[in-house]
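Written out below as structure tokens is the structure these notes cover.
Just so it is clear: chains get the letters A, B, ... in the order the sequence lines come, proteins before strands, and each one is counted from 1.
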2 protein chains.
Amino acid sequence: MEVTRKNYKDCLNTVYSAIEEADFLAIDGEFSGISDGPNVSALTNGLDTPEERYTKLKKHSMDFLLFQFGLCTFKYDQAKSKYITKPFNFYIFPKPFNRTSPDIKFICQSSSIDFLASQGFDFNKVFCHGIPYLNQEEEAQLREQTEERRNQHANGVGTPSFISPSSSKGSSHVPEEHKDFINKVVECCLKPCLCSDGLAWFPKGLHVETVETEKKERYIQISKVDEEERKRREQQKLEKEQEELNDAVGFSRVIHAISKSGKLVVGHNMLLDVMHTIHQFYCPLPEDIQDFKEVTMCVFPRLLDTKLMASTQPFKELITNTSLAELEKQLKESPFKSPQVETAEGFPSYDTAQEQLHEAGYDAYITGLCFIAMANYLGSFLTPPKAYISARSKLIEPFFNKLFLMRIIDIPYLNITGPDLQPKRDHVLYVTFPKEWKTSDLYQLFSAFGNIQVSWIDDTSAFVSLSQTDQVQIAMNTSRYAESYKIQTYAEYIQGKQQEKEKQTTKTWGEDSWVKPHYTCSTTSAFGYSRYSSDDAQITDGWSHYSYPDTTGTKKMKTDGV
Amino acid sequence: MEVTRKNYKDCLNTVYSAIEEADFLAIDGEFSGISDGPNVSALTNGLDTPEERYTKLKKHSMDFLLFQFGLCTFKYDQAKSKYITKPFNFYIFPKPFNRTSPDIKFICQSSSIDFLASQGFDFNKVFCHGIPYLNQEEEAQLREQTEERRNQHANGVGTPSFISPSSSKGSSHVPEEHKDFINKVVECCLKPCLCSDGLAWFPKGLHVETVETEKKERYIQISKVDEEERKRREQQKLEKEQEELNDAVGFSRVIHAISKSGKLVVGHNMLLDVMHTIHQFYCPLPEDIQDFKEVTMCVFPRLLDTKLMASTQPFKELITNTSLAELEKQLKESPFKSPQVETAEGFPSYDTAQEQLHEAGYDAYITGLCFIAMANYLGSFLTPPKAYISARSKLIEPFFNKLFLMRIIDIPYLNITGPDLQPKRDHVLYVTFPKEWKTSDLYQLFSAFGNIQVSWIDDTSAFVSLSQTDQVQIAMNTSRYAESYKIQTYAEYIQGKQQEKEKQTTKTWGEDSWVKPHYTCSTTSAFGYSRYSSDDAQITDGWSHYSYPDTTGTKKMKTDGV
């Protein structure tokens, strides 16, 4: 189902109930670009630490816009023995809410835009009809503003502050060139209603309203109404304000619903999707990767990355290409089985034969299919074998909350719920050299040490992995008096980076915005509390009873800085 | 006429001849945003110097994309006594030319995008079918690369360098993981053709070609052909390369044609249009405003800004609103006369009653109408009065090369061909203060000095104009011991900025890219020399003969830095 600003409000309840009833959700995002700095191969160095990778993606990918969000809900129908799917394809655009709301700037990368164009992407749906959104802070600010206006109103300060002639504070809103005009209006029309405290009052029989024409011209409309009509209009105005506020929060409400559902959220190579979703609809990404992990668990309490799953035992040996399109094809062949799915009534159905790749809704849909096929394959190891494995099965638990790390040689995933893997890198050297050097120069330099692997960092540095660790010391010794290049062990390199970081942390401590408590789990926030009860988590596939660990319960963000 | 990548090549000759035959050209650009920094009111401070304004626009406006370019040509038909117009509306997008070409990133500003969307702008035409472009340096690089490849070819080095097994330089292009494979190919298939110098040669009967499939998979195709067929294919390849190169230069060729025509180019409030056009299709904007003026004269030897014209005598008194839409309407009323125009055959005609504002082609069209109406009005002052004034008339010369400066109180225009106006600003104070201060605090501070005018610079500084210059010293004296705020005279402020600049210039002198000769006038460049001959410039309206000053002749850019 295509969802734009035009049909968004009509669809919202359909979206909510689809999430509510689902066994699991699949998501996918399309962005206006990938990297505003280094090219992708430099952005994804094979020897990045998870922290470095996170920092690079945060720095170079977050100024792009997530402008299409795919959500596909999967609900298992016991009677039909198949999944019923509800795919949604949302178009997203930060249309400014009003004249004072933030005017978002985002970057477009030509190659990404051109690629999406070649896939038939409809940019008009994004830019002309995209659904707006606010992050939590923007939403809170807007609610506060609305609340303030209402309170002023309730206290009887129903007149615009600028016609309070004795108040110098209030008059700061009036441009100099309009003062004369306003003073004349006050004198001519409103003098009879000036009160003893200097505030201008409209008589009860007047209704005041700011009106904006289609041409964006704004004026104040004062109309004579009786008391009943005035109350009716005030009530109308309140309701309209509330509705406008909800409209402004817009697509973020879908993310809140996903978040508070606590349901398993499946994605393919989903680190960027998760980062963008949090950054755009929740809060600016934290500096520290630990904080990022905590926010992620607040927004998506249970994640599964099908690319990581496909790259892990027992799938690793069976699957040669883990790109989404290829994975989906391979999972239709033996030993896997095509999942039995049916599109829910009223939803246009996707046909995997007619690849609609890179439409977010379609990608979410086939990501879900991949998950089902792999989950069901795990059932074949049970005694007796089971053809259907639920999203709540203990069998898939090992794949939870591990997000695939692209092109890192020795760390397959970012572990959201615990410490990351720390592979030995004592065969790795950090080499700096003049910017004229090419890979061949590095091969020549290390020609005595057998096979090497080069991972470029930037123009003047690279990691060089030796095949034998015991040669590291020899390489270090021979380089001691070199002038054109410099070699450090990996341990020295990491230590240097750590010291650099500590220096910076000390410097910026006072300015660190993370000192303030920024956010709490949305499962415990204003959007309602909906803990995943352990009853729901009872597995239905014949395995012994199993309760999920309490990852969705009350959890507050770290609030005391780094 | 709508022009996209699809019909661009077919239209190019039509565009060229329209420019060639025209009496004058009108242009307009639509951008993906206006300011990526301060909001527009801070970007356009009422007391900016032309240099400050240029620097701000360069810094905060150039990362947006000029994605629609309107060109309307106007040719006077003596027999019909009317102008024949040819309007073009070009969609522009920096589609990467190949895998190694620059991957342009540009910013979008939500409010601008939303505004264009509300005007019915078609973003798919930009992003899916926009015409690519290269600036001069990119074009030169690409020509060089192509030339190099051809020379290699002519010297018989027709084989890909990587199958030169003994050359360590050549092998730097081969990724490690492919080396084995390539060595095997060389061994199996090409061994018979290895020459004594270690270079691999294909026998004459083989034609080698890199082929890219629709799915962007690339492979090398080796086919057996006879000598004649081989030559035919080589020739085909050369022609294809040349065509691809021209395609890559794309829309820039239209700008080159405008440039070398030397024709009068009319725009409305055109400073940003001119800056974007130069920046995108010619070269990155220079740091120094003097250099900018020189480049501008190279690219657009004769400019006229209708907003500046409408804001100048004798129009100033007659025209209350100089926005393009309002101007066009007012110029239909007495004492002005609606210009007689007719759309050329084969061009869809615009109807001014059906305002298509903010489509660049339409805006260019009505800008041209405004110019004609105002030019003709000048004819009413002649004895005897003339109803038609040519674009070459001496009467319009005073308006040449003066670009309207938005919202600067006392400098109406940027003078492209000479020094800028330097109004006295000795009644102006530069005030710095805590960021909590509001306009009202400034009014209070200066309450003793009568009427003041505040021009905000940023959160903590503003210009305050006093109504009487003799009060400046009093204000300075009273502020001497103030701690929360600081006052400087305007002269002191400018002096401070100048010193700051000199410091920076000294620092960066060595790195200044302007030390190198960057560009020469396109009228003398590879695109051909086409000096506006003084014959063409003879006026046809009964006034005495008049020749244009030689501004389009040979002119080289300043090449010795700042």
Side-chain angles (χ1 to χ4, degrees), chain A residues 32-37 39-40 63-65 67 93-96 99 101-118 120-130 132 167-177 214 216 438-441 443-444 451-454, chain B residues 32-37 39-40 63-65 67 93-96 99 101-118 120-130 132 168-177 214 216 438-441 443-444 447 451-454:
Chain A
S32 64
I34 299 293
S35 171
D36 64 8
N39 61 33
V40 172
D63 287 338
F64 297 103
L65 187 68
F67 54 20
F93 182 73
K95 182 182 163 71
R99 297 190 310 165
S101 62
D103 188 3
I104 304 286
K105 286 111 195 169
F106 57 90
I107 303 179
C108 292
Q109 186 172 6
S110 312
S111 57
S112 302
I113 296 290
D114 184 48
F115 174 75
L116 288 173
S118 73
F121 192 89
D122 191 336
F123 296 95
N124 284 336
K125 282 200 181 139
V126 168
F127 296 133
C128 305
H129 309 300
S167 150
S168 69
K169 262 200 170 172
S171 66
S172 65
H173 295 302
V174 185
E176 265 317 278
E177 63 267 35
E214 277 185 9
K216 309 264 174 191
K438 291 176 182 163
T439 306
S440 54
D441 295 301
Y443 277 105
Q444 203 167 358
N451 245 342
I452 61 164
Q453 194 168 25
V454 176
Chain B
S32 63
I34 299 293
S35 170
D36 65 6
N39 60 33
V40 173
D63 287 337
F64 298 103
L65 187 69
F67 54 20
F93 182 74
K95 181 182 162 74
R99 297 190 310 165
S101 62
D103 187 3
I104 305 286
K105 285 110 195 171
F106 58 90
I107 303 180
C108 292
Q109 185 173 6
S110 313
S111 57
S112 302
I113 296 290
D114 184 47
F115 174 75
L116 288 173
S118 74
F121 192 89
D122 190 336
F123 296 96
N124 283 337
K125 282 201 180 136
V126 169
F127 296 133
C128 305
H129 309 299
S168 70
K169 263 201 171 173
S171 66
S172 66
H173 295 301
V174 185
E176 264 316 279
E177 62 269 33
E214 277 185 12
K216 308 267 173 187
K438 291 177 183 163
T439 305
S440 54
D441 296 302
Y443 277 105
Q444 204 166 358
S447 55
N451 244 343
I452 62 164
Q453 193 168 26
V454 176

- Message: Using heavy-atom distances under 4.5 Å, tell me whether A:Ser101 contacts chain B through its side chain, its backbone, both, or neither.
- Response: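 The answer is neither part of A:Ser101.
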
- Query: Would you say the side-chain atoms of B:Asp63 pair up with the backbone N or O of B:Ile107, donor to acceptor, closer than 3.5 Å?
  - Reply: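 It does not hold such a pair.
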
- Test item: A:Asp103 side-chain N/O and B:Ser111 main-chain N/O as donor-acceptor pair under 3.5 Å: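 Yes, because the side chain of A:Asp103 sits within donor-acceptor range (under 3.5 Å) of the backbone of B:Ser111.
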
- Query: With sequence neighbours left out, what residues match A:Asp36 under side chain to side chain donor-acceptor pair (under 3.5 Å)?
  - Reply: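 Partners of A:Asp36 under the side chain to side chain donor-acceptor pair (under 3.5 Å) test: A:His60.
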
- Name all residues meeting the side chain to side chain contact (heavy atoms under 4.5 Å, CB included) criterion together with B:Lys125; count only those two or more places apart in sequence or in a different chain, and write none if there are none.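 B:Lys125: side chain to side chain contact (heavy atoms under 4.5 Å, CB included) contacts with B:Glu2, B:Thr4, B:Tyr91, B:Asp122.
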
- With a 4.5 angstrom heavy-atom cut-off, could you sort out which part of B:Ser35 is near chain A: side chain, backbone, both or neither?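 Contact with chain A: backbone only.
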
- Please look at B:Phe121 and chain A and tell me whether the side chain, the backbone, both or neither of the residue comes under 4.5 angstrom of a heavy atom of that chain.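 Only the backbone of B:Phe121 comes within 4.5 Å of chain A.
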
- Message: At a heavy-atom distance under 4.5 Å, which candidate from B:Cys108, B:Pro96, B:Cys128, B:Ala117 has the highest pair count against chain A?
- Response: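 Heavy-atom pairs under 4.5 Å are most numerous for B:Cys108.
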
